[in-house]
Undergrad: 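Take a look at this one; I'll ask things after.
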Amino acid sequence: MLLRVPSAMHDSEPDANSNFLRQFSDSEESSEHFSPTPAGYVRGRTRFVVVVGTVMSGLGKGIFASSLAKLMQDKGLTVAPMKLEGYLNIDSGTLNPYRHGEVFVLEDGLETDMDLGTYERILNQNLSRKNFITAGQIYTEILERERRGGYLGRDVQMIPHVTGVVKMRLRELAMAGPKGQQLDMVFVEVGGTAGDYENGFYIEALRELAFEEGDDSTCFVALTYILEPSILGEQKSKAAQLGMKRLMEAGIQPHIIACRAKNPVTPKVTQKISMFSNVPLKRVFSMHDRESIYVIPDAMRAAGLDREILSILGLHDRVNAGAEDSARSAWSAFARRLSAPRDHRVTIGISGKYASLRDAYASIDKAIEHCGVELSAEIDVRWLDTSDVHTKEGAAKLLEGADAIIVPGGFGSRGVEGKIHCAAHARTQRIPFLGICLGFQVAVIEYARNVLTLRDANSSEFDPTTSTVIISELPDQKRIEGIMGGTMRLGAQDVLVTPGSLASFLFANAKTVHERFRHRYEVDPAFIDRLEAGGLIFSGRHPKHPIMQMLELPVTAHPYFIGGQFHPELLSRPLKPHPMFMGLVAAAIAQREPTFAQTALGQRWVRSNASTVSPSNRS
Ligand code: GLN
């Protein structure tokens with residue numbers, strides 16, 4: 001499609017292209033200064049903070065940028081983040097979580113980089129496809145337009161066309177403020193480091209943007225790294241200086257330099273960096289390692305980083321001091337509780353496939369952390385690889401000492417049999433269990449095999465030849481929801497909650513909840529009645545169609561056994577942990593300390609008769 005050349009393109013397709021081009025004045029379209037802006041956009045009103053890394057990747061640019069954005073949000077300013085990815089993939093959906101970390105799904109179904117999860121959690125704000133650009137998206141847009149004849153005889157160039165689209169996307173995001181107003185600030189995180197081929201056009205676009213938006217419109221923050229080789233025993237700034245030079249060669253003079261380092265950066269080093277980069281000493285900050293990412297906003301504030309940004313961008317008069325006080329105290333209380341000694345102790349086993357890499361399950365890790373703070377529980381998380389588990393006994397051994405079990409999402413058959421044994425272990429041993437997406441499907445397969453004695457029950461994803469396909473790709477349902485063959489059901493959807501269920505208890509009697517999905521297979525409706533007659537409860541359903549979205553065991557049979565076809569971890573926020581994780585951790589605490597159920601938190605999160613009923617002998 002992309003490469004088809006339309007005949008007589010200028011005459012035959014005036015509509016879409018001329019609409020596109022009508023946004024720009026004639027002089028702009030034909031000049032070298034091709035810099036489109038959305039209708040109604042006022043230049044200079046939105047301020048941009050650009051965070052660029054130097055020296056090396058992995059410095060925590062996302063955490064840095066989101067913490068800074070949070071400080072500004074706390075002051076009552078409207079903010080949005082933008083992540084610029086250098087890779088040619090259109091989204092992160094096809095990336096291997098083992099190499100790139102988890103795929104984070106947004107409300108609108110876009111599959112993004114895990115950094116977007118950090119932004120959502122820290123800003124407590126839902127993001128959309130407006131907040132995420134890849135080089136693949138930019139080039140696709142340009143090449144498709146070129147094939148439609150959208151450039152009217154011009155040669156299409158990196159500058160001004162590619163950079164023009166980047167600027168357009170940044171300005172479109174700036175227009176996405178509440179009630180259609182322009183945002184106060186857009187925080188731009190450039191993927192990679194200064195000097196990479198992949199992000200060069202982004203850096204150039206940002207240079208142009210700063211120029212076009214006018215004085216005081218854009219603040220460039222260089223995040224750099226200060227080496228401290230153990231053989232020397234002192235901090236060295238040369239790599240940081242060279243990194244800065246790379247940025248300056250691209251025409252960017254940083255306004256602020258944030259130095260990542262193991263230890264607080266010494267005055268000698270900050271002075272050198274200041275002097276070699278033309279950045280006043282008061283704008284060179286030490287961003288050394290902290291005990292937790294949640295103390296970074298407070299640390300930035302204590303160092304005066306927020307004030308400097310406000311000064312550089314002339315934003316002091318937009319600050320709402322009252323709003324800042326309350327937001328700040330809520331966050332500081334969270335950070336304090338985070339480092340305070342905990343009242344309870346539990347161990348959670350997570351049966352995954354990428355057990356060796358936490359980033360592959362970053363949101364689950366965070367969701368558990370949020371609950372630990374809320375419930376004052378020290379949670380020992382064990383990442384377990386189920387690839388070598390082939391029996392009940394094997395699962396029991398792997399899960400020894402686990403007070404709760406999570407079977408997380410996943411794709412492909414490796415490790416699945418082991419996960420099924422883990423679900424069986426959780427069910428029969430009455431260990432609190434949470435099945436997520438694949439984990440939900442695994443719980444259904446396990447129940448069908450061991451309780452309904454449908455020994456061949458399986459998902460067509462793992463064994464398409466099995467006689468009992470209980471989890472399958474259902475073309476009818478895909479059609480109902482307008483999902484194209486082969487693609488996944490992605491993004492947020494309503495889930496109808498069965499009144500009186502454990503799910504309803506956890507979600508505070510909500511009739512519907514809104515959760516994010518990323519899956520292709522689901523429970524075959526032909527088995528629903530049999531599963532329910534056998535004791536499994538489907539407590540969350542699609543509002544209209546027989547698509548099962550939550551399952552549970554009756555509270556008389558198991559203290560806490562629940563699963564979701566969606567990904568609850570994507571919605572957990574530091575100050576608002578997800579109910580299904582809260583229920584899991586609370587049930588685990590209650591198993592160890594029965595008196596916990598009587599406390600205020602216990603009453604909220606442990607279902608009342610859960611720990612007092614005798615175990616079932618279903619298996
Ligand atoms: N592989 C399963 C499916 O596609 C589960 C997906 C997931 O866990 N995200 O339905």
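First listed ligand is number 1; within each ligand, the first listed atom is number 1. Just so you know, these numbers use all the heavy atoms, side chains as well, and skip hydrogens, waters and symmetry mates.
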Undergrad: With under 30° as parallel and over 60° as perpendicular, where do the rings of Phe201 and Tyr139 fit, or are they tilted in between?
TA: tilted
Undergrad: Pair His425, Glu393 - check side-chain hydrogen bond (donor to acceptor under 3.5 Å, both in side chains), show working.
TA: CA-CA 9 Å; His425 180 73; Glu393 294 71 31; over 6 Å; no
Undergrad: Any atoms of ligand 1 less than 4.0 Å from a non-hydrogen atom of Arg520? List them with their elements.
TA: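 It comes down to these atoms of ligand 1: 3 (C), 4 (O), 10 (O).
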Undergrad: Taking atom types as modelled, find out whether Ser363 and Glu102 have a side-chain donor-acceptor pair closer than 3.5 angstrom.
TA: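 Note: Ser363 and Glu102 side chains meet the donor-acceptor criterion.
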Undergrad: Under 4.0 Å from a heavy atom of Glu461: give me the atoms of ligand 1 that qualify, with their elements.
TA: 1 (N), 2 (C), 3 (C)
Undergrad: Between the side chains of Glu85 and Lys83, is the shortest nitrogen-to-carboxylate-oxygen separation below 4.0 Å, so that they form an ion pair?
TA: yes
Undergrad: With a cutoff of 4.0 Å, is Glu473 in contact with ligand 1, counting heavy atoms of the residue only?
TA: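 No; Glu473 lies far enough from ligand 1 that no heavy-atom distance drops under 4.0 Å.
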Undergrad: Which of the listed options, Pro408, Ser459, Gly412, Cys437, holds the heavy atom that is closest to atom 7 (C) of ligand 1?
TA: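 The residue whose heavy atom sits nearest atom 7 (C) of ligand 1 is Cys437.
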Undergrad: Can Arg489 be said to sit on top of Phe517's aromatic six-ring, NZ or CZ under 6.0 Å from centre and within 45° of the ring axis?
TA: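 Judged by the rule, Arg489 and Phe517 form a cation-pi pair.
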Undergrad: Record the part of Glu522 in heavy-atom contact with ligand 1 below 4.0 Å; permitted values are side chain, backbone, both and neither.
TA: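 Answer for Glu522: neither.
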Undergrad: Evaluate the ring planes of Phe561 and His558, with Trp represented by its six-membered ring, and classify them as parallel (under 30°), tilted (30 to 60°) or perpendicular (over 60°).
TA: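 Because their plane-to-plane angle is over 60°, the rings of Phe561 and His558 count as perpendicular.
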Undergrad: Using a 4.0 Å cutoff against the non-hydrogen atoms of His567, which atoms of ligand 1 qualify?
TA: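 The atoms of ligand 1 under 4.0 Å from a heavy atom of His567 are 9 (N).
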Undergrad: Given Gly439, Gly410, Gly409, which one has a non-hydrogen atom that is nearest to atom 5 (C) of ligand 1?
TA: Gly410
Undergrad: What do you reckon, does Gln565 put a non-hydrogen atom under 4.0 Å from ligand 1?
TA: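 The answer is no: ligand 1 sits nowhere under 4.0 Å from a heavy atom of Gln565.
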Undergrad: Starting from atom 10 (O) of ligand 1, locate the nearest protein heavy atom and write down its residue, its atom name and how far away it is, to 0.1 Å.
TA: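 For atom 10 (O) of ligand 1, the nearest protein heavy atom comes out as Tyr521 N, 2.8 Å.
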Undergrad: Taking the six-membered ring for Trp, are Phe566 and His578 parallel (under 30°), tilted (30 to 60°) or perpendicular (over 60°)?
TA: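 Ring orientation, 0 to 90° scale: tilted.
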Undergrad: Going by the order shown, which atoms of ligand 1 are within less than 4.0 Å of some heavy atom of Arg518?
TA: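 In order of number, 6 (C), 7 (C), 9 (N).
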